[in-house]
**Student:** 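Got a structure for you, written out below as structure tokens; questions coming shortly.
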Amino acid sequence: MSVSKRSASTSEPEDDMSDSVSASVRTMSVRSDNDDLSQSEPFDAGHRETDATEVDFHINKHLAIFNAAKSKMHLVQFTKKPDYEDLLGMITKYGLNRNQLVTLFELVVSDKLGAKAYNTLVGHMLPRGTVPEELVIRIFGMVPCREHAPRLVARLLNWVITVYDVLDSRDRIVRLYGVLMHYLDMEGIRSQLCHLLYFMTKRVHVKPYRVSRIYNLIHRVGPARELCGLLQTYKEYIPSIIVPDAAAGTKSKLVFQSPFPSMMDTIVQIRALWDNEVENDQMMMMHKPELDTSNTNERRKKRRKQEKTFTIPSTATSSTNYGSVNIKDMTTLTTLAENIDKLALPDQMASVLNNRMLQHVLICDPRPSTVMRVSGWLSQALSDHTLWQRRTAQTRETFSDLLQKLVSLCQLTNAHLPYVEDFLEHYLKTWNGVDHTDLILELLTYTKPTSYERLYTGFLKPLYRIFCFSDITWKTRLILCYTNWLQNWLTLNWHEHKQRRNDVAESSEANDNGDDVLWPFQGLSFDIDYLRTIQLFIQHVDRVSILGMELEHDHCVFQHATLSFFELVSSMSIHHDIPEIIMPFAPLVYRCFLSTNAMAVSRICGIVYQYKRAFEENEKRDDDWKSHQSEEYLDLFNSFVMDICNSLWLSTLQDGDRFAFSLKQEFMDAFQEICSEYEFPFQSFLSLTWSATFSGYSRRFMKAKEEADAAIRLDEPVTSDALIKLGQDGGLGISYSDYRVAYLDRLHDLGFRGLYSLLQSCMTSLINRRRLTEELSRASD
């Protein structure tokens with residue numbers, strides 16, 4: 001260990017202990033064990049390196065002379081010798097290890113020294129590491145004993161307060177809480193006992209009879225600051241407690257200050273010297289903060305200048321009903337479930353935003369009175385920010401923190417408290433789309449379904465205005481927000497909602513609460529057709545997506561967001577038991593399919609495949625919970641399937657007199673002219689092997705097969721005629737049909753599963769081939 005040259009030199013003239021702690025480090029003497037310990041030789045540890053063993057050797061040598069086993073006369077004489085000053089100086093600089101601390105403590109309590117001497121020695125009980133809990137228990141045991149001087153007991157209790165955070169354990173000390181309360185009548189040590197009780201107090205210690213005892217003491221001895229400070233600690237757990245103003249007319253408003261601040265500084269320096277920096281940092285942080293018992297109105301005025309614009313109240317319960325339990329006593333969800341019927345709610349329900357246990361209570365038992373208590377506070381807090389507060393960095397940070405807590409609550413409840421939706425509706429009217437974007441968009445996803453007219457006016461229209469002038473990133477985030485928004489709606493059981501709606505319609509009793517089974521806070525109305533809202537919401541997102549693709553020139557990031565939305569929509573009939581099958585408009589389907597991005601082409605094929613499955617499952621339903629589509633609607637879907645499959649697999653863009661993708665004759669003539677110029681087969685320019693999207697994959701697949709099986713290679717795009725000629729020339733012998741099947745399997749392995757699924761389910765040749773393969777497999781088995 002490298003011994004530092006610094007020394008603790010702090011002093012407080014009014015305190016004997018502080019004077020003794022600040023003694024300078026003298027030269028220490030070192031002699032062999034055979035020498036007379038009363039002789040000395042110079043020893044200056046500040047000018048060379050020394051280790052722990054050498055330091056402890058010198059301290060132990062002096063303690064061997066100055067110990068409790070000596071006679072009182074011998075000890076008094078030793079305090080007048082230079083070796084005594086050497087011992088104090090070494091302790092001040094290097095502190096005491098565990099055994100040395102116990103030895104010095106035994107000397108202090110031996111009652112063989114005068115008041116000045118034991119004051120000095122208590123001031124030098126400076127631990128390097130942790131303090132044994134046993135010493136503190138012995139000091140507590142001295143409280144009722146008359147054989148020890150009251151001033152010594154008070155001094156030792158002050159030492160316990162100083163080293164409280166470096167005790168090796170507090171388990172047995174805390175069990176003596178009631179013992180310390182019993183001795184509060186002792187005026188000489190009352191302040192020390194209150195200080196220790198302040199450190200030890202937890203929720204389990206706050207009992208009505210203890211509050212009454214403190215009140216009785218205050219009535220008998222007056223509003224002493226230490227008693228009022230302990231009462232203030234209890235008030236944190238029982239807010240209804242009234243604390244007298246004990247600090248009136250005094251300069252300092254603080255109670256429970258450190259009795260020996262200079263001693264704490266010295267301990268910090270010693271622990272740093274012995275490489276206890278980590279524990280050092282913890283030492284000064286573990287004590288509870290000092291209490292302020294100043295006038296409440298004065299504190300409020302000061303707080304208005306320094307604190308944030310609003311603060312979420314703490315979880316405090318003043319209810320004292322017999323048999324009720326406090327939320328602070330709930331440590332697990334199991335104990336919460338067992339006691340939820342007798343749970344006493346906190347005085348301010350807004351504390352639910354900071355307490356996960358209370359959030360579970362709110363979702364399990366959403367009583368209207370409880371919900372409105374939280375909503376009332378939110379209404380005030382949000383209105384203050386949006387209407388009355390100046391927009392500063394501090395208010396923005398505070399508002400962001402509140403929004404984050406609302407998001408956290410929504411993630412558990414999957415629903416908004418009533419006022420939050422009203423706030424969002426008003427906030428969107430003036431929102432710039434930049435402030436708190438992530439939080440606002442996530443809060444929107446938990447907005448409950450309502451009539452489409454209100455949804456469009458209050459939410460969709462303001463968002464659409466921002467969408468038109470935003471960059472690609474913001475546009476994409478909005479579409480993903482819509483996806484999550486719809487996802488939250490689809491998790492609701494709409495089939496049961498319809499049954500309850502029919503039951504209410506047949507019943508003569510009115511239901512003002514709506515469907516509170518489906519939606520916990522202010523249940524959904526039975527007068528709104530929510531399936532219509534979902535349909536119109538999807539169509540709105542469809543139109544916005546088409547506009548976004550046009551504005552962003554089919555950017556792949558925006559394509560991904562749009563296709564993610566319609567992957568959810570195409571599967572909602574099967575996976576979420578929604579009767580309606582709502583297809584995207586033709587411009588979106590065709591635009592994605594005609595993209596040069598293979599990801600977009602394959603995923604739109606997968607979406608069309610999901611719709612095909614949805615229509616097939618819908619036909620199998622025999623109840624009223626099914627989609628009733630017109631012939632025109634089904635014809636539109638069939639045209640999607642035919643156009644995509646014909647162009648990809650059959651290499652044709654015409655079905656009778658109708659051109660694929662509803663293209664007009666002038667467009668087809670222009671395409672044909674371009675293909676003729678480059679000697680490109682017009683009918684195949686969208687096929688799997690010739691299209692700009694997949695020709696590169698086809699070329700690489702052909703190269704891989706040729707490298708494995710043939711010396712002569714194909715140097716032109718893959719066609720039926722090219723493969724026949726290649727086989728005749730001695731190259732790869734494979735038919736065009738087999739090549740396409742193998743190529744399609746390769747695309748599936750590369751991740752183009754939507755493309756693969758659609759062709760495998762629609763093309764007769766592929767269906768027959770798969771059926772034949774399965775029959776041969778069963779026959780071989």
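Values reported hereafter were calculated over all heavy atoms of this structure, with side chains retained and with hydrogens, waters and symmetry mates removed.
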**Student:** What residues form a ring-ring contact (aromatic ring centres under 6.0 Å, His included) with Phe661, not counting sequence neighbours?
**Tutor:**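 If we apply the ring-ring contact (aromatic ring centres under 6.0 Å, His included) test to Phe661, skipping adjacent residues, the hits are Tyr590, Phe593.
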**Student:** Any non-hydrogen side-chain atom of Cys605 less than 4.5 Å from a side-chain atom of Leu648?
**Tutor:**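 Yes; the side chains approach each other to less than 4.5 Å.
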**Student:** With a 3.5 Å distance limit and no angle check, can you tell me whether His555 reaches the backbone of Val557 through a side-chain donor-acceptor pair?
**Tutor:**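 Such a contact is found between His555 side chain and Val557 backbone.
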**Student:** Are any non-hydrogen side-chain atoms of Ser571 and Arg613 less than 4.5 angstrom apart?
**Tutor:**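 No, every pair of side-chain atoms sits at 4.5 Å or beyond.
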**Student:** Working note: Arg454 + Glu425, criterion salt bridge (Lys or Arg N to Asp or Glu O under 4.0 Å); need CA distance, chi angles, decisive distance, verdict.
**Tutor:** CA-CA 10 Å; Arg454 183 193 172 189; Glu425 189 172 351; 2.9 Å; yes
**Student:** If the test is side chain to side chain contact (heavy atoms under 4.5 Å, CB included), which one of Leu636, Asp635, Val641 qualifies with Ser639?
**Tutor:**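 Answer to the side chain to side chain contact (heavy atoms under 4.5 Å, CB included) test with Ser639 among Leu636, Asp635, Val641: Leu636.
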**Student:** With a 3.5 Å distance limit and no angle check, can you tell me whether Thr447 reaches the backbone of Leu444 through a side-chain donor-acceptor pair?
**Tutor:**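 Indeed, once roles are kept as given, a pair shorter than 3.5 Å links the two residues.
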**Student:** Could you tell me if the side chain of Thr457 sits less than 4.5 Å from the side chain of Lys461, heavy atoms only?
**Tutor:**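 Side-chain contact under 4.5 Å: no.
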**Student:** How about CD on Gln665, more than 12 heavy atoms from neighbouring residues, nucleotides or ligands closer than 6.0 Å, or not?
**Tutor:**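 Count over threshold, so yes.
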**Student:** Would you confirm whether Gln535, through its side chain, and Ile582, through its main-chain N or O, come within 3.5 Å as a donor-acceptor pair?
**Tutor:**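 Not confirmed, Gln535 side chain does not pair with Ile582 backbone.
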**Student:** Taking the side chain from Asn618 and the backbone from Ala614, do they hold a donor-acceptor pair closer than 3.5 Å?
**Tutor:**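 Checking the backbone N and O of Ala614 against the side chain of Asn618, no donor-acceptor pair under 3.5 Å is found.
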**Student:** Please give me the minimum heavy-atom distance between Lys448 and Gly523, naming the atom from each residue.
**Tutor:**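 It is NZ-O, 4.2 Å.
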**Student:** If you look at every heavy atom in Ile479 and Ala561, which pair is closest and at what distance?
**Tutor:**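 Heavy-atom minimum between the residues: CG2-O, 3.5 Å.
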**Student:** I'd like to know if the side chain of Arg621 and the backbone of Lys626 have a donor-acceptor N/O pair within less than 3.5 Å.
**Tutor:**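 No, Arg621 side chain to Lys626 backbone: no donor-acceptor pair under 3.5 Å.
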**Student:** Please lay out, stage by stage, how Asp721 and Lys725 fare under the test salt bridge (Lys or Arg N to Asp or Glu O under 4.0 Å).
**Tutor:** CA-CA 6 Å; Asp721 294 339; Lys725 184 176 182 300; over 6 Å; no
**Student:** List in chain and number order the residues that pass ring-ring contact (aromatic ring centres under 6.0 Å, His included) with Trp625, two or more places apart in sequence or in another chain; answer none if no residue qualifies.
**Tutor:**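 Once residues adjacent in sequence are excluded, the partners of Trp625 under the ring-ring contact (aromatic ring centres under 6.0 Å, His included) criterion are His495.
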**Student:** Relative to each other, are the rings of Tyr739 and Phe701 parallel, tilted or perpendicular (30° and 60° limits)?
**Tutor:**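 Tyr739 vs Phe701 ring planes: tilted.
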**Student:** How would you list, by chain and number, every residue that makes a side chain to side chain donor-acceptor pair (under 3.5 Å) with Glu775, sequence neighbours excluded?
**Tutor:**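 Scan of Glu775 (side chain to side chain donor-acceptor pair (under 3.5 Å), adjacent residues dropped) gives none.
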**Student:** A cation-pi test, strictly: NZ or CZ of Arg740 under 6.0 Å from the centre of the six-membered ring of Tyr743 and no more than 45 degrees from its axis. Yes or no?
**Tutor:**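 No, Arg740 does not sit over the ring of Tyr743.
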**Student:** When you look at CG of Asp624, are more than 12 heavy atoms from neighbouring residues, nucleotides or ligands closer to it than 6.0 Å?
**Tutor:**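 No.
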**Student:** Locate the shortest heavy-atom distance separating Glu706 from Leu714; write the atom from each residue and the value.
**Tutor:**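 That closest heavy-atom pairing would be OE2-N, 2.5 Å.
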**Student:** My understanding is that only residues two or more places apart in sequence, or in another chain, count here; which of them pass ring-ring contact (aromatic ring centres under 6.0 Å, His included) with Tyr609?
**Tutor:**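 So Tyr609 forms no ring-ring contact (aromatic ring centres under 6.0 Å, His included) with any residue.
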**Student:** Please answer whether the main-chain N or O of Ile734 pairs with a side-chain N or O of Asp738 as donor and acceptor at a distance below 3.5 Å.
**Tutor:**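 Between the backbone of Ile734 and the side chain of Asp738 there is no qualifying donor-acceptor contact (under 3.5 Å).
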**Student:** Please report the shortest heavy-atom distance between Phe537 and Leu460, naming the atom on each side.
**Tutor:**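 Scanning both residues, the minimum pair turns out to be CE1-CD2, 3.9 Å.
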**Student:** Parallel under 30°, tilted from 30 to 60°, perpendicular over 60°: which one fits the rings of Phe399 and Phe423?
**Tutor:**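 Perpendicular, since the angle between the ring planes exceeds 60°.
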**Student:** Could you check whether the rings of Tyr464 and Phe467 sit parallel, tilted or perpendicular, using 30° and 60° as the cut-offs?
**Tutor:**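 Because their plane-to-plane angle is under 30°, the rings of Tyr464 and Phe467 count as parallel.
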**Student:** Would the number of heavy atoms belonging to other residues, nucleotides or ligands and lying under 6.0 Å from CZ of Phe585 be above 12?
**Tutor:**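 Yes, the 6.0 Å shell around CZ holds more than 12 heavy atoms from other groups.
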**Student:** Is it true that a side-chain atom of Asn432 and a backbone atom of Val434 form a donor plus acceptor pair closer than 3.5 Å?
**Tutor:**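 A pair under 3.5 Å: yes.
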**Student:** Using modelled atom types and a 3.5 Å cut-off, is there a donor and acceptor pairing between side-chain atoms of Thr773 and backbone atoms of Arg769?
**Tutor:**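 Yes, because the side chain of Thr773 sits within donor-acceptor range (under 3.5 Å) of the backbone of Arg769.
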**Student:** Can you tell me if Asn597 uses its side chain to pair, donor with acceptor, with the backbone of Cys556 under 3.5 Å?
**Tutor:**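 Pair absent, no side-chain N/O of Asn597 close to backbone of Cys556.
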**Student:** So do Tyr611 and Val569 actually touch side chain to side chain, heavy atoms under 4.5 Å?
**Tutor:**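 Yes, their side chains come closer than 4.5 Å.
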**Student:** Which residue pairs satisfy the side-chain hydrogen bond (donor to acceptor under 3.5 Å, both in side chains) criterion with at least one member in residues 468-488, sequence neighbours excluded?
**Tutor:**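 For residues 468-488, and leaving out neighbouring residues, the side-chain hydrogen bond (donor to acceptor under 3.5 Å, both in side chains) pairs sorted by first residue read Asp438-Arg477, Lys475-Glu552.
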**Student:** Does the side chain of Arg699 reach to within under 4.5 Å of the side chain of Ser695, using non-hydrogen atoms?
**Tutor:**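 With C-beta onward as the side chain, the pair stays apart.
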**Student:** With a 4.5 Å heavy-atom cut-off, do Asn414 and Thr491 have their side chains touching?
**Tutor:**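 Answer no - side chains too far apart.
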**Student:** Quick one: does Ile546's side chain get under 4.5 Å of Thr562's, heavy atoms only?
**Tutor:**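 Ile546 does not reach Thr562 side chain to side chain.
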**Student:** Mind listing the closest non-hydrogen atom pair of Arg396 and His436 along with its distance?
**Tutor:**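 Where Arg396 meets His436 most closely, the heavy atoms are O-CE1, 3.5 Å.
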**Student:** With a 4.5 Å limit on heavy-atom distance, are the side chains of Ile466 and Trp431 in contact?
**Tutor:**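 A side-chain contact under 4.5 Å exists here.
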**Student:** Measure centre to centre between the rings of Tyr530 and Trp489, then say whether the value is under 6.0 Å.
**Tutor:**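 No: the rings miss the under 6.0 Å criterion.
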**Student:** For a quick test of reading the model, state the closest non-hydrogen atom pair linking Pro418 to Val371 and the distance between them.
**Tutor:**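 Result for this residue pair: CD-CG1, 3.4 Å.
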**Student:** Considering residues at least two apart in sequence or located in another chain, which fulfil the ring-ring contact (aromatic ring centres under 6.0 Å, His included) criterion with His575?
**Tutor:**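 So His575 forms no ring-ring contact (aromatic ring centres under 6.0 Å, His included) with any residue.
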**Student:** Taking the side chain from Ser761 and the backbone from Leu758, do they hold a donor-acceptor pair closer than 3.5 Å?
**Tutor:**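 At least one qualifying donor-acceptor pair exists.
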**Student:** Taking atom types as modelled, find out whether Glu617 and Ser573 have a side-chain donor-acceptor pair closer than 3.5 angstrom.
**Tutor:**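 No, Ser573 and Glu617 have no side-chain donor paired with an acceptor closer than 3.5 Å.
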